[in-house]
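Because the structure is predicted, anything quoted here is derived from the model rather than measured.
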Amino acid sequence: MLKGMDYPELEKWVQSQGFRPGQAMMLWKCLYGNNVWAHCPDELAGLNKDLRKMISEDADLKALTVKDIITASDGTRKILFSLEDASVIETVVIPSARGRTTVCVSSQVGCAMNCQFCFTGRMGLRKHLSTAEIVEQAVFARRLFSDEFGSITNVVFMGMGEPLHNVDNVIKASSIMVDEQGLQFSPRKVTVSTSGLVPQIKRFLHESNCDLAVSLNATTDEVRNWIMPINRKYNLDLLLGTLREELRLRPKSIVLFEYVMLAGVNDSVDDAKRLTELVHDIPCKINLISFNPHSGSQFKPTPNEKIIEFRNMLIQSGLTVMVRLSRGDDQMAACGQLGEPGQLPLLRVPEKFLAAL
């Protein structure tokens with residue numbers, strides 16, 4: 001599978017087949033650059049005919065098959081891809097009137113984290129995606145929608161799965177995406193999100209030059225233990241302490257804290273005050289996200305006016321804050337809505353939050 005290789009590996013493979021290194025760069029640009037995004041040998045224009053013949057016989061150019069494309073009322077597209085084993089993953093392409101188009105890629109089939117507010121999180125983990133299966137989502141986004149939306153400018157690893165649970169393939173896939181001879185995404189426009197796997201966060205910040213997002217979603221361990229069980233292993237103190245320490249070694253980097261607003265659970269005035277105290281000394285931006293309901297969910301979205309009040313409190317304390325609007329929610333394409341009904345259990349609700357649910 002050619003899209004599972006980074007450039008040094010591809011060059012070594014091409015040379016091992018008896019061809020010049022220059023043919024490797026031509027092949028790389030056919031796969032990722034020059035607006036080709038090749039999916040079959042006939043699209044490998046300019047390549048040595050013997051190499052093209054060998055690829056057609058002995059290599060795969062395509063890691064995914066499009067099963068369906070669903071269009072939401074706001075223009076967001078949800079692509080359903082079939083894998084070789086008939087598993088299905090979902091990728092979302094989000095156009096913006098500001099000239100930015102984002103592809104939201106998946107890193108796993110399902111997810112092991114069991115975050116209580118997330119549709120994918122309750123599926124359980126079915127499998128990790130390969131490097132090729134991750135990269136191919138960005139390639140397909142450009143093949144399918146560049147003519148309609150213009151350049152696909154941003155990648156977010158915020159689809160199905162916990163990216164840093166599949167850290168080897170995610171780091172490799174993101175490095176292919178930002179390769180200057182390939183897909184040419186800016187490292188500042190490729191963001192990998194995590195629920196808070198501390199050892200993998202350290203590795204990512206040491207090995208990747210892409211941006212990091214951390215799904216925070218609570219200001220106390222009591223709440224985070226409930227809605228994000230990973231907190232029982234890596235609590236807020238450990239998670240935030242690790243970010244403070246690691247970001248000192250990357251002085252130009254910041255972390256994006258994602259905060260899904262859940263009515264009566266994490267949206268109080270006290271939550272805003274605690275959030276300010278928790279992150280005030282970490283280089284960061286905060287992204288407030290309206291909760292997107294789905295079947296089986298026990299949560300309700302915070303009203304928009306309360307989200308704005310929460311945002312204003314954070315801004316007044318000196319933090320940089322954005323509000324992420326729901327995109328594609330009428331077709332289950334929005335944040336936290338990807339996947340299929342899950343098997344993991346709902347966790348016990350702390351007694352003081354029963355009324356809110």
Side-chain angles (χ1 to χ4, degrees), residues 90 106-128 157-166 193-201 213-243 257-268 270-272 274-275 278-279 287-303 306-307 310 326 329 332 334-357:
E90 299 179 7
S106 294
S107 56
Q108 297 175 314
V109 181
C111 183
M113 296 299 107
N114 197 19
C115 295
Q116 297 293 282
F117 52 84
C118 178
F119 200 53
T120 314
R122 301 204 51 248
M123 282 178 63
L125 178 63
R126 313 283 173 85
K127 64 175 284 189
H128 294 308
F157 284 72
M158 299 178 186
M160 297 170 67
E162 160 56 63
L164 295 191
H165 191 200
N166 186 15
S193 178
T194 179
S195 59
L197 280 66
V198 166
Q200 290 89 338
I201 286 174
V214 173
S215 191
L216 198 60
N217 306 318
T219 61
T220 67
D221 283 324
E222 179 187 23
V223 173
R224 204 164 189 268
N225 286 347
W226 161 38
I227 65 174
M228 300 184 70
I230 191 64
N231 196 73
R232 300 173 188 185
K233 187 170 185 178
Y234 306 115
N235 65 20
L236 283 169
D237 195 41
L238 177 60
L239 172 61
L240 298 176
T242 298
L243 290 170
F257 286 116
E258 300 165 294
Y259 197 91
V260 177
M261 303 288 290
L262 306 171
V265 174
N266 64 358
D267 60 353
S268 68
D270 286 341
D271 280 306
R274 282 192 295 265
L275 183 55
L278 285 172
V279 306
N287 202 340
L288 301 179
I289 304 169
S290 179
F291 171 66
N292 297 300
H294 49 79
S295 63
S297 166
Q298 54 189 332
F299 299 102
K300 298 172 185 173
T302 298
K306 191 167 184 180
I307 293 177
F310 195 94
S326 292
D329 52 319
M332 288 292 285
C335 179
Q337 290 186 325
L338 304 185
E340 59 187 51
Q343 306 299 320
L344 295 184
L346 289 171
L347 302 180
R348 185 184 65 82
V349 180
E351 187 171 343
K352 64 175 152 183
F353 295 107
L354 287 171
L357 304 185

CG of Leu125 to CD of Gln108: how many Å apart, nearest 0.5 Å?
5.0 Å
Mark yes or no for whether Asn231, through its side chain, and Arg224, through its backbone, hold a donor-acceptor pair below 3.5 Å.
no
If I compare all heavy atoms of Met160 with all of Ser106, which pair ends up nearest, and what's the gap?
N-OG, 2.8 Å
Out of curiosity, Gln200 CD to Asn166 CG, how far, rounded to the nearest 0.5 Å?
10.5 Å
Might you point out which heavy atoms bring Arg348 and Trp226 nearest each other, and give the distance in Å?
O-CD1, 3.6 Å
Using the test side-chain contact (heavy atoms from CB on, under 4.5 Å), find all partners of Ser215 that sit at least two apart in sequence or belong to another chain.
Asn217, Met228, Glu258
For a 4.5 angstrom cut-off between non-hydrogen side-chain atoms, does Phe299 reach Ile227?
yes
What closest approach, in Å, do Leu239 and Gly196 show between heavy atoms, and which atom pair accounts for it?
CD1-CA, 3.9 Å
So, taking the atom named CG in Leu164 and the one named CG in Leu197, what distance separates them when rounded to the nearest 0.5 Å?
6.5 Å
Taking side chain as C-beta onward, heavy atoms only, is Leu216 less than 4.5 Å from Leu240?
yes
Minimum heavy-atom distance between Pro301 and Ala263, given as atom pair plus value
O-CB, 3.6 Å
Could you tell me if the side chain of Tyr259 sits less than 4.5 Å from the side chain of Val279, heavy atoms only?
no
Look at atom NZ of Lys127 and say whether more than 12 heavy atoms of other residues, nucleotides or ligands are closer to it than 6.0 Å.
yes
Just checking, is any N or O donor in the side chain of Glu162 or Thr194 under 3.5 Å from an acceptor N or O on the other one?
yes
So, the side chain of Asp267 versus the backbone of Gly264: is there a donor-acceptor pair under 3.5 Å, distance only?
yes
Where Ser107 and Gly161 come nearest, the two heavy atoms and their spacing:
OG-C, 3.9 Å
Is any side-chain heavy atom of Tyr234 closer than 4.5 Å to a side-chain heavy atom of Thr242?
no
So, taking the atom named CD in Glu222 and the one named CZ in Phe353, what distance separates them when rounded to the nearest 0.5 Å?
5.5 Å
Arg274 meets the salt bridge (charged side-chain N to carboxylate O under 4.0 Å, His left out) criterion, sequence neighbours left out, with Asp271
Asn266 side chain to Thr219 main-chain N or O, any donor-acceptor pair under 3.5 Å?
no
Heavy atoms, side chains only, cut-off 4.5 Å: are Asn292 and Phe119 in contact?
no
With heavy-atom distances below 4.5 Å as the criterion, would you say the side chains of Thr302 and Phe291 are in contact?
no
Shortest non-hydrogen pair, Asn114 vs Gln116, comes out as O-NE2, 2.9 Å
Mind checking the CD1-CE spacing from Ile230 to Met113? Nearest 0.5 Å is all I need.
5.0 Å
